[in-house]
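Here the structure is a predicted model, which means the values were calculated and not measured. Numbering starts at 1 and runs along the sequence shown.
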Amino acid sequence: KFGALRGGYYPLKYDTRLSERASVLDEKQAVKEAFGGTWARAQTRQGHLKARSENVTLPVLLDLGVAPQHIENDVHEITHRRAIHDVHKLLHDSRIETEIKAVMGTEFYRRLNPWLMEVASDRSPPAPNYVNDILRHARHGMTVVSMGWKFSTAILQPLGYTQSVALLGEFYALKGLKDFYAKPWELPARLKFITDRSPMMRNRMTTFDRDVREFGKKFGARGAFSEIEATFFAGIGIADMMVSAPTWLGGYAQGMELFKNDEAKAVDHADKMVRQSQGSGSAKDLAAIQRGGDVQKIFTMFYSYFSVLNNMLRRTKRQRRRAMDVPRTVLSMIYLVVLPAVMSELILGRGPDDDEGWAEWAAKKSLAYPLMSWAVTRDLVSPAVNGYGYQLSPVATALEFGADTIKAASEGDFDETFAKPAVNALGVWLKLPSRQFWLTGNYLGEYFSGEVDQFSLYEMLVTGDRDK
């Protein structure tokens with residue numbers, strides 16, 4: 001169409017699956033680029049700044065994803081290199097090191113360099129490894145299956161504002177709600193006001209959760225289906241923004257008061273209020289337990305919200321020790337624990353059983369809720385409280401889908417016993433929002449077949465037929 005075009009630079013990457021030497025070189029380069037040649041210094045990838053080697057006979061990776069990956073690395077290097085260098089320099093200043101250790105302790109200080117290394121290597125593609133590839137695929141698949149187009153997850157997002165109230169205080173939390181929602185016809189203008197000032201909020205809808213962010217972090221060529229994939233978490237992202245935006249405005253107003261109308265500091269303060277109350281999936285904001293390789297990450301899936309809860313509970317404990325303000329502590333626990341623990345169950349249609357009193361039920365949910373903030377205990381407590389089987393990780397559920405499908409087929413049960421796990425196993429493999437598909441599709445099937453007496457939009461989208 002445009003005639004002959006002059007060729008130029010194109011990034012080359014060796015195929016580590018076809019050459020052991022290429023695999024070894026790739027591992028060495030990853031260590032060197034992540035740690036600057038040592039275990040002490042973090043830096044971004046800089047392979048594109050070096051001249052191309054001559055007389056190399058290693059097999060070239062024939063994948064269109066190499067070019068987009070190269071652009072990702074270049075952008076990350078340009079935007080982060082100076083900042084990472086400066087932070088590294090600060091962390092290794094003896095005076096700053098002494099102050100950090102005096103206030104936060106030696107263990108805290110020792111975690112800062114691994115954190116910085118994680119930020120430095122955030123846009124680097126994972127090293128090829130069949131086991132990790134399978135775990136990563138299962139993790140991303142379960143993320144889509146469990147959260148993609150999921151109405152039940154979206155309608156729970158507003159409960160996150162109770163954490164904003166606990167962090168900002170009632171005055172600024174209510175002010176943020178008023179400033180954002182008082183005039184609904186001005187919502188687009190309010191969102192523009194926020195995103196014009198805050199790059200973090202501009203990207204909030206794709207970075208609010210680690211697993212959602214990593215699913216969208218493609219290291220390959222994007223096809224037409226990517227447009228559909230981009231909608232999988234749009235509902236949850238919008239619901240999150242409806243909480244994060246008033247939180248930001250409340251934090252902005254608070255910052256303008258604290259910093260005497262210094263807008264730059266107020267914006268930073270507002271960003272911090274959103275990160276600390278609503279969480280973030282960005283590498284710099286993840287807890288240490290949420291970082292690491294694919295094996296570690298399968299045990300902390302869907303943990304972003306509870307990581308924030310853990311930090312908020314720790315903050316409340318520290319404040320109680322310093323100020324001995326019992327009424328404020330009690331109020332914070334109501335915001336952080338009681339309200340979300342009780343309201344989330346009621347919204348999802350999981351109230352007390354017929355033989356269970358409301359007070360007993362609410363107390364049980366509230367006492368168990370703080371334990372959900374620990375990555376290990378949540379997987380033990382949640383099944384016990386909600387009455388379903390223990391799962392080490394959602395990835396184990398993905399394996400169960402396949403096992404249940406095979407078992408049902410071998411026994412000749414080609415009814416719902418086969419169809420439900422088969423649909424979800426296919427959803428994990430193809431990365432499709434199969435749980436919402438099944439819930440809505442199954443409900444409509446029962447409705448049109450006469451099994452459901454009265455149509456309910458809530459049951460169709462959130463709970464399924466509650467009379468079953």
Side-chain angles (χ1 to χ4, degrees), residues 147 152-181 194 198 200-201 204-205 207-210 212 236-255 268-282 285-287 289-290 300 302-320 323 325 327-348 362 365-375 378 382:
M147 297 174 66
S152 58
T153 305
I155 64 175
L156 291 177
Q157 293 299 116
L159 292 178
Y161 206 73
T162 60
Q163 296 187 162
S164 299
V165 178
L167 183 64
L168 287 168
E170 291 82 358
F171 177 81
Y172 286 105
L174 290 174
K175 179 171 176 54
L177 284 175
K178 174 180 173 294
D179 289 347
F180 191 69
Y181 287 111
I194 294 170
S198 170
M200 185 199 79
M201 292 296 289
R204 175 71 189 175
M205 288 180 60
T207 61
F208 64 91
D209 178 82
R210 183 202 69 183
V212 171
I236 301 175
I238 292 171
D240 172 84
M241 184 61 84
M242 295 301 99
V243 173
S244 299
T247 300
W248 193 94
L249 288 175
Y252 178 80
Q254 188 179 60
D268 287 342
H269 181 75
D271 285 350
K272 183 174 75 171
M273 293 299 99
V274 173
R275 289 195 305 269
Q276 290 185 351
S277 65
Q278 304 305 315
S280 168
S282 298
D285 301 317
L286 296 178
I289 197 171
Q290 291 178 280
T300 55
F302 316 137
Y303 182 63
S304 295
Y305 169 82
F306 291 106
S307 176
V308 173
L309 175 62
N310 188 292
N311 288 331
M312 293 287 289
L313 291 173
R314 287 169 176 263
R315 175 181 176 272
T316 301
K317 184 178 179 181
R318 289 195 301 269
Q319 287 184 330
R320 181 183 62 81
D325 189 345
R328 170 51 58 181
T329 300
V330 172
L331 199 56
S332 293
M333 293 303 290
I334 292 174
Y335 291 140
L336 295 175
V337 175
V338 178
L339 286 178
V342 172
M343 293 303 297
S344 61
E345 294 297 303
L346 293 177
I347 290 172
L348 296 178
K365 296 296 180 182
S366 299
L367 289 172
Y369 199 74
L371 299 176
M372 302 282 285
S373 69
W374 296 90
R378 67 166 183 159
S382 184

Those residues at least two apart in sequence (or on a different chain) that pass salt bridge (Lys or Arg N to Asp or Glu O under 4.0 Å) with D209 are none
Of all heavy-atom pairs linking L167 and Q276, the shortest is CD2-CB, 3.8 Å
Discussion item. Looking only at the side chains, is there a donor atom on one of T300 and R210 sitting less than 3.5 Å from an acceptor on the other?
Written reply: yes
Rounded to the nearest 0.5 angstrom, the OG-CG distance for S164 and L249 is 11.5 Å
Nearest heavy-atom contact between L336 and T316 is CD1-OG1, 3.5 Å
Heavy-atom closest pair (L313 atom, S373 atom, distance to 0.1 Å) is CD1-OG, 4.1 Å
Query - Side-chain heavy-atom pair L309, Q163 within 4.5 angstrom cut-off - result: yes
- Item | Between Y335 and E170, a side-chain donor and acceptor under 3.5 Å | yes
So salt bridge (charged side-chain N to carboxylate O under 4.0 Å, His left out) across residues 237-249, not counting sequence neighbours, yields R204-D240
Using the side chain to side chain contact (heavy atoms under 4.5 Å, CB included) rule, take Y252 and D179 through it: C-alpha gap first, then chi angles, then the decisive distance, then the call.
-> CA-CA 11 Å; Y252 178 80; D179 289 347; over 6 Å; no
Taking C-beta and beyond as the side chain, do I347 and I155 meet within less than 4.5 Å on heavy atoms?
yes
When every non-hydrogen atom of S244 is compared with those of V274, the smallest separation belongs to O-CG2, 3.7 Å
Between R275 and D285 the two heavy atoms that sit nearest each other are CD-OD1, 3.2 Å
Taking Q278 for its side chain and G160 for its backbone only, find out whether a donor-acceptor pair lies under 3.5 Å. yes
Under 3.5 Å donor-acceptor, Q290 side chain and A287 backbone: yes
**Message:** Looking only at the side chains, is there a donor atom on one of R314 and N310 sitting less than 3.5 Å from an acceptor on the other?
**Reply:** yes
Output for pair (S152 OG, L348 CG), nearest 0.5 Å, gives 6.0 Å
- Dump the intermediate steps for side chain to side chain contact (heavy atoms under 4.5 Å, CB included) on L339 and L159, then the final yes or no. CA-CA 8 Å; L339 286 178; L159 292 178; over 6 Å; no
Evaluate M242 against Q157 for side chain to side chain contact (heavy atoms under 4.5 Å, CB included), listing each step before the verdict. CA-CA 9 Å; M242 295 301 99; Q157 293 299 116; over 6 Å; no
What one should report as the nearest heavy-atom pair of T247 and S277 is CG2-OG, 3.5 Å
For the residue pair P340 and Y369, establish whether any side-chain heavy-atom pair is separated by less than 4.5 Å. yes
dist F180:CZ -> I194:CD1 (nearest 0.5 Å) comes out at 5.5 Å
